[in-house]
Protein chains: 2
Amino acid sequence: MTDMQAPGGHALLFLTDEQLRKGIEAMFFAYRGFTADPDRILDAHKLGRAHHRALHFISRAPGTTVNNLLSILGVTKQSLNRVLRTLIDDGLVDSRIGTRDKRERHLFLTDAGAALEQELSIAQRERMRQAYREAGPDAVQGFRAVLEAMMDPELRHHFNRVKDDRND
Amino acid sequence: MTDMQAPGGHALLFLTDEQLRKGIEAMFFAYRGFTADPDRILDAHKLGRAHHRALHFISRAPGTTVNNLLSILGVTKQSLNRVLRTLIDDGLVDSRIGTRDKRERHLFLTDAGAALEQELSIAQRERMRQAYREAGPDAVQGFRAVLEAMMDPELRHHFNRVKDDRND
DNA sequence: TTGGAAAGTCAACAACACTGACATAAAACT
DNA sequence: AGTTTTATGTCAGTGTTGTTGACTTTCCAA
């Protein structure tokens, strides 16, 4: 990959439209693979990707409020409510009224919810681990750097919520 | 990032569940950014992502058949047909009966279709170019390597259809 | 000529998003 | 105390994108 040092000190990348298009297609096909394993598990439970996303972020931040989840997922409350209703009715998520602020609902995974989340997470992590292994150690940091730069700035803070351990 | 040389010669990566989870979330948030710009353009034309995907791959392989497009996109013919019907009715795609095999329909972009595809492509390439620029030259290869490893093997050949120019 | 593949159509359905309107409770503000 | 804002939930309607199943037309090939 050609690169140059510009006068201002910025690294300049010369990328052809073809290279960029391949990157776009890589995102498209990779995302299909990324969701393939969880989708199979979810089908068996008659749930969809929206439920997986809710389970994931409730697992990551137990006790999170509906509003917080809304801003992370970027959907309407009506859409999220439908998903949460299913998860609560299925006994996978527990919704508890806030103690400090009684308007808020704090969301937790039940034991069954945690078990399903684990099943989904293990499948998806295994795919990710395998991809990392095939791509090699150096590739992982590049992968993460490009993805982070691709996010909308307003969404990036959700990603950086929990400081990661890339440099351990 | 820690790595070791195993007896068999495989590079072993020790990745914590936390690191893998961050990779998963990075995919989630990045994909949102990845589709954000085209989505805005598509809204103005009253089209959706499915139309974008069809336009993209018809542009990449002019004259492709419906069946080929089906296997690339991984949807049912009924679903694709609805999308193609819209694109043809809107004068963005031209469907020509095959000369050798008259059952086949060969798909081409009209001038208007090519113009819209360009508009979408430029927006998405610009996002990709910016992400590459921020992440730096070394990151690009890692990004591509991980994404390629993440694809389902059956889908990877679609990606590799056209040999790319990563090593120019 | 018969069988099967390719393409298209029609109908029904489901997941998941959207808007808009409205309700309730609680917190916050004036 | 009274008003406004916030957090959540709910009802109704709509749209995109996917699914299955059934059926037809076209047409190549054994």
Side-chain angles (χ1 to χ4, degrees), chain A residues 28 31-32 35-36 38-58 63-90 93-108, chain B residues 28 31-32 35-36 38-58 63-90 93-108:
Chain A
F28 170 68
Y31 202 79
R32 291 255 295 277
T35 56
D39 280 352
R40 274 187 285 273
I41 296 167
L42 289 161
D43 276 356
H45 293 258
K46 303 218 175 188
L47 297 172
R49 268 182 214 174
H51 303 95
H52 183 191
R53 293 196 282 267
L55 289 174
H56 174 94
F57 285 107
I58 293 171
T64 186
T65 63
V66 173
N67 244 14
N68 183 44
L69 209 49
L70 276 177
S71 75
I72 290 173
L73 297 175
V75 296
T76 58
K77 60 172 181 173
Q78 294 91 330
S79 195
L80 178 57
N81 193 260
R82 193 193 325 110
V83 169
L84 287 178
R85 182 65 21 225
T86 310
L87 292 173
I88 291 167
D89 290 350
D90 288 4
V93 164
D94 194 11
S95 170
R96 302 183 203 155
I97 293 174
T99 48
R100 256 190 2 211
D101 188 332
K102 291 177 186 169
R103 292 172 303 180
E104 294 179 340
R105 302 299 142 90
H106 297 278
L107 303 168
F108 300 87
Chain B
F28 171 68
Y31 202 80
R32 290 256 293 277
T35 55
D39 280 351
R40 274 187 285 273
I41 296 167
L42 289 161
D43 276 355
H45 293 258
K46 304 219 174 185
L47 297 173
R49 269 183 214 174
H51 303 95
H52 183 191
R53 293 196 283 267
L55 289 174
H56 174 93
F57 286 107
I58 294 170
T64 185
T65 63
V66 173
N67 246 13
N68 183 44
L69 210 49
L70 276 178
S71 75
I72 290 172
L73 297 175
V75 296
T76 58
K77 61 174 179 173
Q78 294 90 333
S79 194
L80 177 58
N81 193 260
R82 196 192 314 112
V83 169
L84 287 177
R85 180 62 25 222
T86 311
L87 292 174
I88 292 167
D89 291 349
D90 289 4
V93 164
D94 193 12
S95 171
R96 301 183 203 157
I97 294 174
T99 47
R100 256 190 3 211
D101 187 336
K102 291 177 187 169
R103 292 170 301 180
E104 293 179 343
R105 303 299 141 92
H106 298 277
L107 303 167
F108 300 87

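Please read all numbers here as calculations on a predicted model, not as lab measurements. Naming convention: chains lettered A, B, ... in sequence-line order (proteins, then strands); numbering from 1 in each chain.
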For residues [X] and [Y], report the shortest heavy-atom separation together with the two atoms involved.
| X | Y | answer |
| --- | --- | --- |
| A:Val66 | A:Leu80 | O-CD2, 3.9 Å |
| B:Ile72 | A:Phe28 | O-CE2, 4.3 Å |
| A:Arg105 | A:Ser95 | CB-OG, 3.5 Å |

Exercise for review: For the helix from C:dT1-D:dA30 to C:dT30-D:dA1, figure out the bend between the end axes, five pairs an end, and round to 10 degrees.
Suggested key: 20°
Check your understanding: Taking for each residue the nucleotide of DNA chain C with the nearest heavy atom, is it B:Asn67 or A:Val83 whose nucleotide lies nearer the 5' end?
Key -> B:Asn67
Practice item. For A:Leu47 and for B:Val66, locate the closest nucleotide of DNA chain C by heavy-atom distance; then report the residue assigned to the nucleotide nearer the 5' terminus. Key: B:Val66
**Study point:** Side chain proximity check, A:Leu87 to A:His51, heavy atoms < 4.5 angstrom
**Key:** yes
Check your understanding: Taking the side chain as C-beta and beyond, is there a heavy-atom pair between B:Thr65 and B:His106 under 4.5 Å?
Key -> yes
Point to revise | Derivation and outcome, side chain to side chain contact (heavy atoms under 4.5 Å, CB included), residues A:Thr64 and A:Phe57 | key: CA-CA 8 Å; A:Thr64 186; A:Phe57 285 107; over 6 Å; no
Study note, to complete from the structure: Residue set satisfying salt bridge (charged side-chain N to carboxylate O under 4.0 Å, His left out) with A:Asp90, at least two apart, ordered chain then number -> none
Check your understanding: Who pairs with B:Arg32 by salt bridge (charged side-chain N to carboxylate O under 4.0 Å, His left out), at least two apart in sequence or on another chain?
Key -> none
Can I get a per-line list of side-chain donor-acceptor pairs under 3.5 Å for residues 40-50 of chain A, giving both atom names and the distance, sequence neighbours left out?
residue, atom, partner, partner atom, Å
A:Arg40, NH2, A:Asp37, OD1, 2.6
A:Arg49, NE, A:Asp39, OD1, 3.3
A:Arg49, NE, A:Asp39, OD2, 3.2
A:Arg49, NH2, A:Thr35, OG1, 3.1
A:Arg49, NH2, A:Asp39, OD2, 2.9

Exercise for review: Spell out protein contact along nucleotides 18-30 of chain C as letters: B when the base is contacted, S when just the sugar-phosphate is, - when no protein heavy atom is under 4.0 Å; keep the 5' to 3' order.
Suggested key: BBBB----BS---
Point to revise | Below 4.0 Å: OP1/OP2 of C:dT9 and any side-chain N or O of B:Asn81 | key: yes
Exercise for review: Go through DNA chain D in 5' to 3' direction and return only the first and the last nucleotide with some atom under 4.0 Å of chain B's heavy atoms.
Suggested key: D:dT16 to D:dC28
Exercise for review: Looking at every strand, decide which applies to B:His51 at a 4.0 Å heavy-atom threshold: base, sugar-phosphate, or nothing.
Suggested key: sugar-phosphate
Practice item. Would you sort out whether B:Val93 and B:Val83 count as a side chain to side chain contact (heavy atoms under 4.5 Å, CB included), showing the intermediate values? Key: CA-CA 11 Å; B:Val93 164; B:Val83 169; over 6 Å; no
Check your understanding: Can you check the B:Tyr31 OH to C:dA17 C1' distance for me, whole Å?
Key -> 16 Å
